[in-house]
Every structure is written in structure tokens, then in C-alpha cells.
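Report on one structure; see the data block that follows.
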Amino acid sequence: MKSGFSFKITKELGQGTLARTGVMQTPHGVVQTPAFVVVGTAATVKAMLPEQVQGAGAQAVLANAYHLYLRPGHEVVEQAGGLSKFMNWPGPTFTDSGGFQVLSLGSGYKKVLAMQSGQAIDEEVIAPVSERRAIVDEDGVTFKSHLDGSPHRFTPELSMQVQHAIGADIMFAFDELTSLLDPYDYQVESLARTHAWARRCIAEVRKLRKAHPKRLYQALFGIVQGAQHEDLRRQAGQFIGALPFDGFGIGGAIEKDRLGEIVRWVNEELPTDKLKHMLGISEPDDIFEAIASGIDTFDCVSPTRVARNGSFYTYDGRPDVNGAKYRSDFKSLLDGCDCYTCQHYSRAYLRHLIKAGERTGATLMSIHNTHFIIKLVDDIRASITVGTFLDLKKTWLQRYYSN
RNA sequence: GCAGGGUUAGUGAAGCGGUCAAACACGGCAGACUGUAAAUCUGCUGGCUUAUGCCUUCGCAGGUUCGAAUCCUGCACCCUGCA
């Protein structure tokens, strides 16, 4: 505990699952796991005030090193006294390394990134090199800024320096995220690179900690890649698991239908006593699968992004408030929901706000969606504690996906 | 009253003899969104139970032409000058 960071498992469900509850301690507070970490890429959860994020039940927020490096500049966040102070979020914080942008601005630029197995694969799914805004080499990644096109270069060392300056409680190693459609040979090559980078991240963080002994402890999580291949995932789990990381992130393109299976391969290889974060998921079925396979925390842009476009979570699926049928529907988004939005506003009003492009619409929708997902995870945590997780999983998903 | 300009699908606005059911924008409808390139993107938007098909549209009524939203005549309304 001298580092200010720790993770303790409080209950293991068993019953053929790897599900568990735990407590993560960080310099900025505690996170009860499993937990959904709300994404606030640019040091703000889009359209939400910190009070609203807190009101929705969030325990932690995840920002992005690449975005803050570009704007306003990580040194500004450092001068402000760190991410938490800068954005007025007093609780625990994470930063992503910029690794995701290797994909989203690289081979996945302007492409659909998530996939279902069996989904039609056309030649449009991987961006041609000439169109990419991120090009990978052994040493790092050259980005063209999505803001102004200016060239920037990220290396594992720079990502660590940027994340160290930003000062989140948890930093992620800089990795290469591949597309499911990259061939096996490329996955092998990329994985070797991600592993070399993992070592360089550890070395750099060591240096930074030595150079700034008075800083609050920032945990470093290693990232397991390997796409959809069992041999690569297990190999990655062993390799990354053997390095002195404080916790682990499971990343990469994952076939949705095999998510639980893939996570399980990894978690069978990683040390059980450390925290496992899954990057970028939040659909209810994915949440249940991931937690069943041993995931402790996860983050996702989906609840807020989808909210800004009008979709809202209910126990019976995720409809779109823009639908003409909600024009004069004065019920709340979700009957019985105790979020601020549902306590005070109707579907008809929210539809009007979203249609009119009024920002308050994005705020209110985001409040509902983050609250809904967080509540779901709260319920899951409770069910693990009392041992009813598998029942909850079955009945909950059955209802959600029945229409 | 004279001269000139205008009237195009829900709105604005292209088109100025055939390739026009009619560009484009907005609006409308539907869909997508999983470590945020994302208040973004995609599709549809005259009718026909859906098609390399048919039918009806471009102020109204006539006419010229193989063929008109596009040319001519008359009418209606709007705008701008001059009286």
C-alpha cells in the first residue's frame, strides 16, 4: 500500500466462471469492481459535468493521452496539477496510451472497427496505407493529427512521458491495436512489437518515477493483444503477465461472438491477483461475458456517443428517441429509472432536444445511459457477492435481446 | 398604366428542347455507433406493396414540336423600376 495503489479480490464466484468482486485502491480513491469506467477522452465526459458523472454513479474516468497531448498539451495538464484537478474530477482516473489511435487513425481509419463473426468482409475494411493517418514502424507510430494534419510521432517512451505528465492514477502501456482482418502473419509481427514496447514502457516509467519521487504513484497496466487467435492470446497473456505491471488491459479487435472465450484464454494465463481491465466494451452482452471471464473493469465510449445520437438503454433493448412514435410520448425514457433525466424529463422533450440539436439533449441522454450501464454493473457486482450472477445474466440478457 | 424579373417536389434553390421524377441544401423517415476521427456516419424521401417497370408532377389554360420544367400565347399572383 506504500505505492497508493492496490487491488484486492473480495469474492470469487466460481460456478465455472472467473467472475469476481474486488476493491481497487488508487491515490484518488477506491473503485469497487466490477466497475464501468466512463470515458472522458479530452479530459471531459462529453456533454456531462463532473457532478453529473458522479450523480450517474461513476467511480472512475478514463482520458486519452493522444488527445490531451495534441490539445491542450500534456504539459498544460501537468501545470494544472494533473488530470484530476484539471478536469475537476476528484475520483480515480485512467489514461489510455494513444494505442487505440494506431488503429482508429491507421488501418481502421474511417472503417467499422467492431465486428461480428460471419459479418461480410469486403476489401473496404482495412484502410489503404496511403489514406491512413497513422503509420506503424518498429520504434513507434507516426500520426497525422486529426485536428490539423500536422505530423506527430508517438513512441512507447513518449506515451509514458505524456501519461506521466497528465497524471492519471492508471496508465496503459503503448500498444499496437490490429484489425481482425489483418492476416495472421501480421498479428504475429504486431504482437512482437507490442511486447517490445511493453518492456520499453516499463523502463521509461521506472525512469520517470525515479525522476519524480514526490509524485503520486501512477500504476502502469500492460496490454494483452493477439486478436482472435488462441495461441497468440495465450502467448501474450504469458508474456505480459510475467512483466512487472500493476494490472492488465485486454485490448484489441475481438469477434463479438467469441468475446467471453477469448478473454478467458487471456485470464487463464495472467496472474489472477491483479486487476484486469477490458478496453472499449459496454454492450450488455459483452459486459456479462467479460465479467464472467474475469474482467474487473472496462470502459467504453458507447453509452455517451450513442446518447448524443438519441439512443437510450432500457431493459428491453436500446431504442432511438428520434423515432416518430416518441413525438408525443410523455413517459420517461425508462419506467422506474432513478436517474436525473428519467426523474424530470419525457421522451417527447428529449426527442425534441436531440432533433433541435440542443446540447442539453446530449447531456440528459448521456446521464441516462451512463447511469443505466453503471447500474447494470452495480447489479452484477451484487449478484456475484450473493452468488446469483448466472441467473441474473440469463434473465437479464433474455429480456434485453428478446425484441 | 408602362417596362423588366419571377412562379420547380415539405422549405430554399438548380435546371432553360430529349440523357428530368427533376441537381444540391435543409427538413422528414429509418438505421448504425464498443480503449471518441464521432452533437458523426449511412440509406430512403411524388405515387404505385417496389421494378434496367408503369403512372402523375415543375403557377393555371391552350399551342408549337417526334419530344417541353425548358419555346410561343393568354390568364393569375409576386417583386423591381418609371409614371
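Because the structure is a prediction, the values reported are computed rather than measured. Numbers restart at 1 for each chain; the letters A, B, ... are given by sequence-line order, proteins then strands.
A gap of 15 Å separates the P atoms of B:C55 and B:U19, to the nearest Å. Between B:G18 and B:U65, the distance separating the two C1' atoms is 11 Å to the nearest Å. Rounded to whole Å, the P atom of B:A9 lies 15 Å from the corresponding atom of B:A22. Here, B:G5 and B:C20 have their C1' atoms 25 Å apart, quoted to the whole Å. The gap from the P atom of B:A23 to that of B:A14 amounts to 14 Å, rounded to the nearest Å.
Among the atoms of the strands shown, only primed sugar atoms or phosphate atoms (P, OP1, OP2) are found under 4.0 Å from some heavy atom of A:Q101. When heavy atoms are screened at a 4.0 angstrom cut-off, A:H277 is found touching no nucleic acid atom at all. Residue A:K355 is in sugar-phosphate contact alone, with no base atom involved, counting any heavy-atom pair closer than 4.0 Å across all strands shown. Using a 4.0 Å heavy-atom distance criterion, A:N322 is classed as a sugar-phosphate-only contact. Within the 4.0 angstrom heavy-atom criterion, no nucleotide atom of any strand lies near A:L147. A:R351 comes within contact range of the sugar-phosphate backbone alone, with a heavy-atom separation under 4.0 Å but no base atom that close. Nucleic acid contact for A:L177: base, since at least one base atom lies under 4.0 Å from a heavy atom of the residue. A:A324 comes within contact range of the sugar-phosphate backbone alone, with a heavy-atom separation under 4.0 Å but no base atom that close. Using a 4.0 Å heavy-atom criterion, one finds that A:G252 contacts the bases of the nucleic acid, with or without backbone contacts as well.
When distances are taken from the side chain of A:I281 to each of B:A37, B:G35, B:U34, the shortest belongs to B:U34. Of the candidates B:A37, B:U40, B:U36, B:U40 carries the atom nearest the A:N309 side chain, counting heavy atoms from C-beta on. Listed nucleotides B:U34, B:A37, B:A38 differ in distance to A:E283; the shortest reach to its side chain belongs to B:U34. Which of B:U34, B:G28, B:G35 sits closest to the side chain of A:D299 comes down to B:G35. Of all nucleotides listed (B:U36, B:U34, B:A32), B:U34 comes nearest to the side chain of A:S302. Side chain of A:R318, nearest nucleotide from B:A37, B:G35, B:C33: B:C33.
As a whole-Å value, the separation of A:N369 CG from B:U34 P is 14 Å. Nucleotide B:A38 holds its C1' atom 16 Å from the CE atom of A:M365, rounded to whole Å. Residue A:L103 contributes atom CG, which lies 10 Å from atom C1' of B:G35 at whole-angstrom precision. In this structure, A:H146 places its NE2 atom 10 Å from C1' of B:A38, rounding to the nearest Å. Across the protein-nucleic acid pair, A:Y66 atom OH and B:A38 atom C1' stand 14 Å apart, rounded to whole Å. Remark: P of B:U34 and OH of A:Y313 are 10 Å apart, rounded to the nearest angstrom. Separating the CG atom of A:L70 from the P atom of B:U36 is a distance of 13 Å, rounded to the nearest angstrom. B:G35 atom C1' lies 18 Å from atom NZ of A:K276, rounded to whole Å.
In terms of phosphate contacts, A:S282 brings no side-chain nitrogen or oxygen within less than 4.0 Å of OP1 or OP2 of B:U34. Within the structure, every side-chain polar atom (N or O) of A:H67 is placed at least 4.0 Å from both OP1 and OP2 of B:G35.
Note on ring orientation: taking the six-membered ring where Trp is involved, the planes of A:F288 and A:F389 are tilted (angle from 30° to 60°). In this structure, A:F174 and A:F154 have tilted ring planes: the angle between them lies in the 30° to 60° band. Classification of the A:Y315-A:W396 ring pair by plane angle, with boundaries at 30° and 60°, yields perpendicular.
Applying the 3.5 Å distance criterion, the base of B:U36 shares a donor-acceptor pair with the side chain of A:T304. Side-chain atoms of A:K256 come within donor-acceptor range of the base of B:U34, with a qualifying N/O pair under 3.5 Å. With hydrogens and angles ignored, no donor-acceptor pair closer than 3.5 Å exists between the side chain of A:Q163 and the base of B:G35. The base of B:U34 is paired with the side chain of A:D286 by a donor and an acceptor separated by under 3.5 Å. Contact annotation: side chain of A:N64 to base of B:G35, donor-acceptor pair absent below 3.5 Å.
Atom NZ of A:K207 has 12 or fewer heavy atoms from other residues, nucleotides or ligands within 6.0 Å.
Pair check for B:C75 finds B:G59; Watson-Crick or G-U wobble, both atom distances under 3.5 Å. The base-pairing partner of B:A38, taking Watson-Crick or G-U wobble contacts with both distances under 3.5 Å, does not exist among the strands shown. The partner of B:A68, taking Watson-Crick or G-U wobble pairs whose two distances both stay under 3.5 Å, does not exist in any strand shown. As the counterpart of B:C82, B:G1 is assigned, both hydrogen-bonding distances of the Watson-Crick or G-U wobble pattern falling under 3.5 Å. Pairing of B:G27, defined by two Watson-Crick or G-U wobble distances under 3.5 Å, is identified with B:U45.
Here A:H352 and A:Y345 keep their ring centres 6.0 angstrom or further from each other.
Without hydrogens or angle criteria, A:T304 side chain to A:V301 main chain gives a donor-acceptor distance under 3.5 Å.
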N/O donor-acceptor pairs under 3.5 Å from side chains in residues 224-232 of chain A, not counting sequence neighbours:
unit_1: A:Q225; atom_1: OE1; unit_2: A:G252; atom_2: N; d: 3.3
unit_1: A:Q225; atom_1: NE2; unit_2: A:D175; atom_2: OD2; d: 2.6
unit_1: A:Q228; atom_1: NE2; unit_2: A:L180; atom_2: O; d: 3.3
unit_1: A:E230; atom_1: OE2; unit_2: A:R234; atom_2: NE; d: 2.9
unit_1: A:E230; atom_1: OE2; unit_2: A:R234; atom_2: NH2; d: 3.2
unit_1: A:D231; atom_1: OD2; unit_2: A:Y184; atom_2: OH; d: 2.4

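When the options A:F36, A:F221, A:F172 are evaluated for a ring pair (Phe, Tyr, Trp, His ring centres under 6.0 Å) with A:H277, the one that passes is A:F172.
Side-chain contact check for A:D316 and A:T314: no donor-acceptor pair (N or O, by modelled atom type) lies under 3.5 Å.
Judged by closest nucleotide on RNA chain B, A:S97 is the one of A:R308 and A:S97 placed further toward the 5' end.
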